[in-house]
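All remarks here apply to the structure that follows.
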Amino acid sequence: MAAATSFGTACILRRAAQTFAVSHSHINSNATFSFQRKLSSHILSVSTSSETGAILYKVVLMSSRVLIGVSASGVSQAVQALKGEVDVLIKGVGERNVAKEVKHILEMARRASSKRETLHTDFLTPPVLKESMQVLEKLADVKAITQGGYPQAERCRISVGHPEKMTSDPDIISALSIKGNFQFEPCSHGDFLGSILGTGIVREKLGDIILQGEQGAQIIVVPELVEFLMSTLVKVRNVPVTCTKIPLISLDYEPPRTKSFKTIEASLRVDALASAGFKISRSKLVEMISNGDVRVNWIPVTTKGNTLKSGDIVSVSGKGRLKIGEINSTKKGKFAVELIRYL
């Protein structure tokens, strides 16, 4: 009787081993084979029916240990592979702080895609937004959507996830209207920004600020801060204000006014093109670069030798912004450059 029981137990355990091997063959064939070999040695040690419960317990315990080991190994390999892929994708991002943020967003995107969920960034600066979208477009299994409230928004949030899950734009931004009598005390962009940050929120939770002249301003924020700002923001500089939520469709923005013209230059260096675009001397512009007053794509430049390309945005403190348009080579080896000045 004991022999029959032992034989029956052995058969059950063999079937359990085979079932485990088939169902987990996709994980790691070496680990599965090791499990079967260890299980067989336990099967041979079965001699009485009273041992069946203990043996089954060992089987379950051992299988779980194998799974944990295999899973840990798989996760480790996946992490290493992801790290290598991320490093390759961000290799072209020059500015260190921008590259760091882009790397974080890229890792977030991979995590969202693998877990079939949607994740969102805070409001990003234009250079981080630009570089992130360029990198995310290279990922086939990731969908990325930017939202800033209106077409010309500079600061936007990115939503990332698996294409099959992101079928519509997530509701991740809200708009507020800040009204007051600014007729006798006009307030600047910096005044509104300072008052908003003075409530205790961080800049990353706030998008663009759209000035409305004597009436006040409209702002874009993360939805979770709407109620807080409505109850906390009561003054901008010395002007009492009321803060109310408005639909995004009510945002009152004007497309930027621009003036386009062409220049012929011997090089595409920032000092040459910015000097022509802002109508200031080359020596004056070089001085402003040294003082940190010149930015390319919102990042300060430290040398006059930076080469520009189509699409670059040059901003000079106190002078405004300039976009580099189409660039063509002339027969004399110079460059015909379209410059678009923001008015």
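- Contact of the K304 side chain with the N306 side chain is not registered, since no non-hydrogen atoms from C-beta on lie closer than 4.5 Å.
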Intermediate values then yes/no, side-chain contact (heavy atoms from CB on, under 4.5 Å), V234 and T242: CA-CA 6 Å; V234 296; T242 57; over 6 Å; no
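- Note: D271 CG to E287 CD = 13.5 Å, rounded to the nearest 0.5 Å.
- If you chain together hydrophobic residues whose side chains sit under 4.5 Å apart, I145 and L119 never meet in one group.
- Of all non-hydrogen atoms in T146 and M133, the two that sit nearest each other are CG2-SD, 3.4 Å.
- Look at E185 and R237 and you find a salt bridge, because one of the NZ, NE, NH1 or NH2 atoms lies within 4.0 Å of a carboxylate O, short of that distance.
- A salt bridge links D141 to R110: at least one charged side-chain nitrogen sits closer than 4.0 Å to a carboxylate oxygen.
- I196 pairs with exactly one of L206, V236, T232 by the side-chain contact (heavy atoms from CB on, under 4.5 Å) rule, that one being L206.
- Between atom CG of residue L197 and atom NZ of residue K205 there is a gap of 13.5 Å, rounded to the nearest 0.5 Å.
- Environment of CD in E254: sparse, with no more than 12 heavy atoms of neighbouring residues, nucleotides or ligands closer than 6.0 Å.
- Hydrophobic clustering of Ile, Leu, Val, Met, Phe, Trp and Tyr side chains at less than 4.5 Å, counting indirect connections, keeps I299 apart from V296.
- In this structure, the separation between OG1 on T302 and CD1 on I289 is 9.0 Å, given to the nearest 0.5 Å.
- The closest donor-acceptor contact from the side chain of R295 to the backbone of V314 lies at 3.5 Å or more, if one exists at all.
- A heavy-atom distance below 4.5 Å is not found between the side chains of L129 and T125.
- The nearest pair of heavy atoms linking P223 to I172 is CD-O, 3.1 Å.
- Few gaps surround NZ on K143; more than 12 heavy atoms of other groups in view lie less than 6.0 Å from it.
- Considering OG of S188 and CG of L193, their distance stands at 9.0 Å, rounded to 0.5 Å.
- With hydrogens and angles ignored, the 3.5 Å screen pairs no side-chain donor or acceptor of N291 with any backbone N or O of M288.
- Defined by atom type and a distance below 3.5 Å, a donor-acceptor pair is missing between the side-chain atoms of S310 and E326.
- Residues E265 and K334 share a closest heavy-atom pair of O-CB, 3.4 Å.
- Note on M166: it does not cluster hydrophobically with M108, by side-chain heavy-atom contacts below 4.5 Å among ILVMFWY residues.
- Counting all heavy atoms, side chain and backbone alike, I340 lies closest to S260 at CG1-OG, 4.2 Å.
- Residue I158 is not grouped with residue V222 when hydrophobic side chains (ILVMFWY) are merged at heavy-atom distances under 4.5 angstrom, including chains of intermediate members.
- In this structure the side chain of F184 never reaches within 4.5 angstrom of the side chain of V239, judged on heavy atoms.
- When atom types are taken as modelled, the side chain of R111 and the backbone of S114 share no donor-acceptor pair closer than 3.5 angstrom.
- Hydrophobic clustering (side-chain heavy atoms under 4.5 Å, transitive across Ile, Leu, Val, Met, Phe, Trp, Tyr) keeps F261 apart from I264.
- Under a cut-off of 6.0 angstrom, the local environment of CD in Q215 is sparse, with at most 12 non-hydrogen atoms contributed by other residues, nucleotides or ligands.
- The closest donor-acceptor contact from the side chain of T199 to the backbone of S195 lies at 3.5 Å or more, if one exists at all.
- Of all heavy-atom pairs between A109 and L136, the closest is CB-CD2, 3.6 Å.
- Looking only at distances, no side-chain donor or acceptor of S250 sits under 3.5 Å from a matching main-chain atom of I246.
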Determine, step by step, whether K319 and F278 satisfy the side-chain contact (heavy atoms from CB on, under 4.5 Å) criterion, reporting the C-alpha distance in whole Å, the side-chain angles of both residues, the deciding distance to 0.1 Å, and the verdict. CA-CA 7 Å; K319 300 294 183 180; F278 292 106; 3.7 Å; yes
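- Taking CD1 of I220 as the reference point, atom CD of E154 lies at 12.5 Å (rounded to 0.5 Å).
- For K130, the NZ atom counts as densely surrounded, since its 6.0 Å shell holds more than 12 non-hydrogen atoms of other residues, nucleotides or ligands.
- Atom OG in S177 sits 10.5 Å away from atom CE in M230 (nearest 0.5 Å).
- Under the 3.5 Å distance criterion, the side-chain polar atoms of T121 are left unmatched by any main-chain donor or acceptor of R157.
- L339 approaches L273 most closely through the heavy-atom pair CD1-O, 3.9 Å.
- Side-chain atoms of H162 and S113 form no donor-acceptor pair, as typed in the model, at a separation below 3.5 Å.
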Go through the steps to decide whether Q147 and S159 satisfy the test side-chain contact (heavy atoms from CB on, under 4.5 Å), and finish with yes or no. CA-CA 8 Å; Q147 293 186 67; S159 298; 4.3 Å; yes
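- We find that D312 and K323 are not joined by a salt bridge, their nearest charged nitrogen and carboxylate oxygen being 4.0 Å or further apart.
- Cation-pi geometry between K235 and F192 is not satisfied (NZ or CZ under 6.0 Å from the ring centre, within 45° of the ring normal).
- Using a cut-off of 4.0 Å between Lys/Arg side-chain N and Asp/Glu carboxylate O, R116 and E164 are scored as salt-bridged.
- Remark: the backbone N or O of D252 is paired with a side-chain donor or acceptor of Q218 at under 3.5 angstrom.
- The closest side-chain donor-acceptor pair between Y253 and D208, if any, does not fall under 3.5 angstrom.
- Residues P170 and H120 meet the side-chain proximity criterion, which asks for heavy atoms closer than 4.5 Å.
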Given the rule in the side-chain contact (heavy atoms from CB on, under 4.5 Å) test, do I324 and L268 qualify, once you have shown the distances and angles that lead to the verdict? CA-CA 10 Å; I324 309 302; L268 298 177; over 6 Å; no
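- Counting heavy atoms from C-beta on, the side chains of I178 and L233 come closer than 4.5 Å.
- The shortest distance between side-chain heavy atoms of N328 and F335 does not fall below 4.5 Å.
- Cation-pi geometry between R321 and Y342 is met: the NZ or CZ atom falls under 6.0 Å from the ring centre, inside 45° of the normal.
- Looking at L322 and I313, their side chains never come closer than 4.5 Å, going by heavy atoms from C-beta outward.
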